[in-house]
Amino acid sequence: QTVEPENNQLLAKSYTLKDWQGGYESLKEEFDYWIDDIEGEIPLDLSGTLLRNGPGLLDINGQKLHHPFDGDGMISRVTFTNGRAHFRNRFVQTEGYLAEKKAGKILYRGVFGTEKPGGWLANIFDLKIKHIANTNVIYWGSKLLALWEAAEPYLLNPQTLETLGNEYFDGVLSKKEAFSAHPKIDPHGKLVNFAIKPGLSTTITIFELNTQGKITSKQSHQVKGFCFIHDFVITENYCIFFQNPVDFNPIPFALGISTAGQCIKFQKNQPTKIIVIPRTGKIHNQKVQVLETKAGFIFHHVNAFEEENKIIIDSICYQSLIEVEPNSDYRETDFDKNSPGQLWRFNLNLSAQKVENHVISDRACEFPVIHPHNVGKSYRYLYGGAADQKGVNAPLQAIFKYDLELGTEQLWSAAPRGFTGEPIFVPRPNSQIEDDGWLITLVYDAEYHRSDVVILDAANLAKGAIAKLHLKHHIPYGLHGSFTPE
Ligand code: 3ON
Ligand code: FE
């Protein structure tokens, strides 16, 4: 079952490509200042630290990266205290970041699009890819960790954001072992995360960490075939992974003709496999179950929960994986030609081993978030970055809220010159209502080539921003982040 976006050619575009491209300029400088250019007021009861990660460099000394996901991780931190806000950003000082900074040129192949200059001859048989730390940042067990799904976390100093080295959790994580960028915190206070070790068959490892940041369990499972799994969902009893229908042919990569990412091909006639793994200490003697469905490509899930013998999973799904051709430029993306990410619901019937799925909303959206207390439980509201107009594929320029109970949505839009990303939901202290809190998001404003920290009332997006904190500079479009209350 597929839903094509309506052909909305008649509508004027809500953006220009030139404005959008401004958010993909590198930010080379590291700042440290109190934000004093503020519209509106920072709520006095908003207290804590917003952390964001994302590619800070989109070029190395003028040599352009060929995919934004290849950019070195830069942490941005906004600390809210007594109605004021402090900003600081700092690069994660990975080995590759330091080496390329010193050399002033690209020294490594990136996973997604970037090759060393000099054509295939410069890249052939170089199977080493650049390890970066650009996807997420969390504060857990008194440790500040920058995450990237293909390698071990980087440990940072929470005060100065200085890079201290890699984190191995007392040796439970081995050298070069991955730790994904999409950990989940369950309602009992455990952090659950996974690692993918790809190959002809793939190993999925699941970790559980207590609040002290110790790994309390680690279990591994083999699944057939190659996996590109960026995110997962948890419920009370299960961890669930979507094995997207892709094939990997490593030969062009080995020959220096394509990056590893370009060797991953979407297989539209293959099913998506849904891998359901019982959580540690749960449901004894139960085996891993694999269900099949027809779907597209999924990076991010919203949430999942159990209902009798069923599991319900909400995800952002694309008709196909957007492939980046070796000589194309992501800055020239033709949004009309790519399929949008849309909100889908999957109903897994475990007794019948059947999956039903349908589209919930045709608004292009990404970076879904929910109230942290509802992870793995039934829930009503989700939020995310979204396109300004319905039914078209376009850059994220808005923040949307979807009410799963009523099937209605609310929108706050920064169009025509603003561009959004992931919002973070921050519950109001001691609140009991699911949408009683704030959404905090970074908005790139092309008019001033700078970014704003925007605070919205999650209960009522339409009433407009509570506060807009104008930074002194822009922040390149980022990936994920987290909020640690005071
Ligand atoms: O899966 C295999 C194992 C593995 C871990 C092979 C592999 C080489 C693909 C791999 C590595 C995967 C990595 C390094 C993935 C990194 C992903 C990343 C940095 C970001 C993903 C972002 C996803 C989305 C949907 C971003 C959306 C952005 C916008 C809407 C624009 O603002
Ligand atoms: Fe992600």
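In listed order, ligands and their atoms are each counted from 1. The first residue in the sequence is number 1, and the count goes up from there.
Annotation: Phe242 is in aromatic contact with Phe346 [ring centroid separation under 6.0 Å]. Between Phe194 and Phe207, the ring centre distance reaches or exceeds 6.0 Å. Between Phe169 and Phe179, the ring center distance clears the sub-6.0 Å criterion. Remark: aromatic rings of Tyr381 and Tyr402 are distant, center separation not under 6.0 Å. Residues His300 and His182 place their aromatic rings such that the two centres sit under 6.0 Å apart.
Remark: minimum distance from atom 1 (O) of ligand 1 to any protein heavy atom is reached at Cys227 O, 2.7 Å. The nearest protein atom to atom 6 (C) of ligand 1, hydrogens excluded, is given as Phe226 CZ, 3.6 Å; this is a heavy-atom distance. Of the protein's non-hydrogen atoms, Ala150 CB, 4.0 Å is the one closest to atom 11 (C) of ligand 1. The single protein non-hydrogen atom nearest to atom 3 (C) of ligand 1 is Pro198 CG, 3.4 Å, given as residue, atom name and distance. Closest protein heavy atom to atom 31 (C) of ligand 1: Tyr24 OH, 4.0 Å.
Around atom 13 (C) of ligand 1, the closest heavy atom drawn from His230, Glu149, His182 belongs to Glu149. Residue Phe367 holds the heavy atom nearest to atom 28 (C) of ligand 1 of all those in Phe367, Phe297, Tyr444, Tyr330. Between the choices Phe299, Phe253, Phe69, the shortest heavy-atom distance to atom 22 (C) of ligand 1 belongs to Phe69. Considering each of Ile196, Thr135, Ile264, the one bringing a non-hydrogen atom nearest atom 19 (C) of ligand 1 is Thr135.
The pair Glu167-Lys143 meets the salt-bridge criterion, with a side-chain N (NZ, NE, NH1 or NH2) lying under 4.0 Å from an Asp/Glu carboxylate O. Salt-bridge formation is not detected for the pair Glu177/Lys197: no Lys NZ or Arg NE/NH1/NH2 atom is positioned less than 4.0 Å from an Asp or Glu carboxylate oxygen.
Close contacts of ligand 1 with Trp148, meaning ligand atoms under 4.0 Å from a residue heavy atom, involve 14 (C). If you number the atoms of ligand 1 from 1 as listed, the ones under 4.0 Å from a heavy atom of Asn134 come out as 19 (C). Close approach of ligand 1 to Leu479 is summarised as follows: ligand atoms under 4.0 Å from at least one heavy atom of the residue are 19 (C), 20 (C), 22 (C). Proximity to Val111 (heavy-atom distance under 4.0 Å) selects the following atoms of ligand 1: 8 (C).
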- Message: side-chain contact (heavy atoms from CB on, under 4.5 Å) for Asn249 and Phe253? Distances and angles first, verdict last.
- Response: CA-CA 8 Å; Asn249 170 11; Phe253 170 62; over 6 Å; no

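Gln397 and Ser413 form no side-chain donor-acceptor contact under 3.5 Å, judged by distance and modelled atom types alone.
Distances shorter than 4.0 angstrom do not occur between any heavy atom of Phe248 and any atom of ligand 1. Ligand 1 is approached by His300 to a heavy-atom distance shorter than 4.0 Å. Contact annotation: Phe112 has at least one heavy atom less than 4.0 Å from an atom of ligand 1. The shell of residues lying under 4.0 angstrom from ligand 1, judged by heavy atoms, excludes Ala178.
The salt bridge (charged side-chain N to carboxylate O under 4.0 Å, His left out) test with Asp72 singles out one residue from Lys101, Lys130, Lys28, and that residue is Lys130.
Asp70 contributes a side-chain N or O that, together with a main-chain N or O of Gly113, makes up a donor-acceptor pair within less than 3.5 Å. In terms of modelled atom types and a separation under 3.5 Å, the side chain of Arg52 and the main chain of Leu479 share a donor-acceptor contact.
In Lys265, the NZ atom is crowded: over 12 heavy atoms of neighbouring residues, nucleotides or ligands sit closer than 6.0 Å.
In this structure, atom 26 (C) of ligand 1 has a protein heavy-atom contact shorter than 4.0 Å.
For the atom pair Phe228 CZ and Thr202 OG1, the distance stands at 12.5 Å (nearest 0.5 Å). Between His473 atom NE2 and Glu29 atom CD the span is 8.0 Å, to the nearest 0.5 Å.
Inspection of the environment of the Fe ion (ligand 2) yields the following protein N, O or S atoms under 2.8 Å: His182 NE2, His230 NE2, His300 NE2, His480 NE2.
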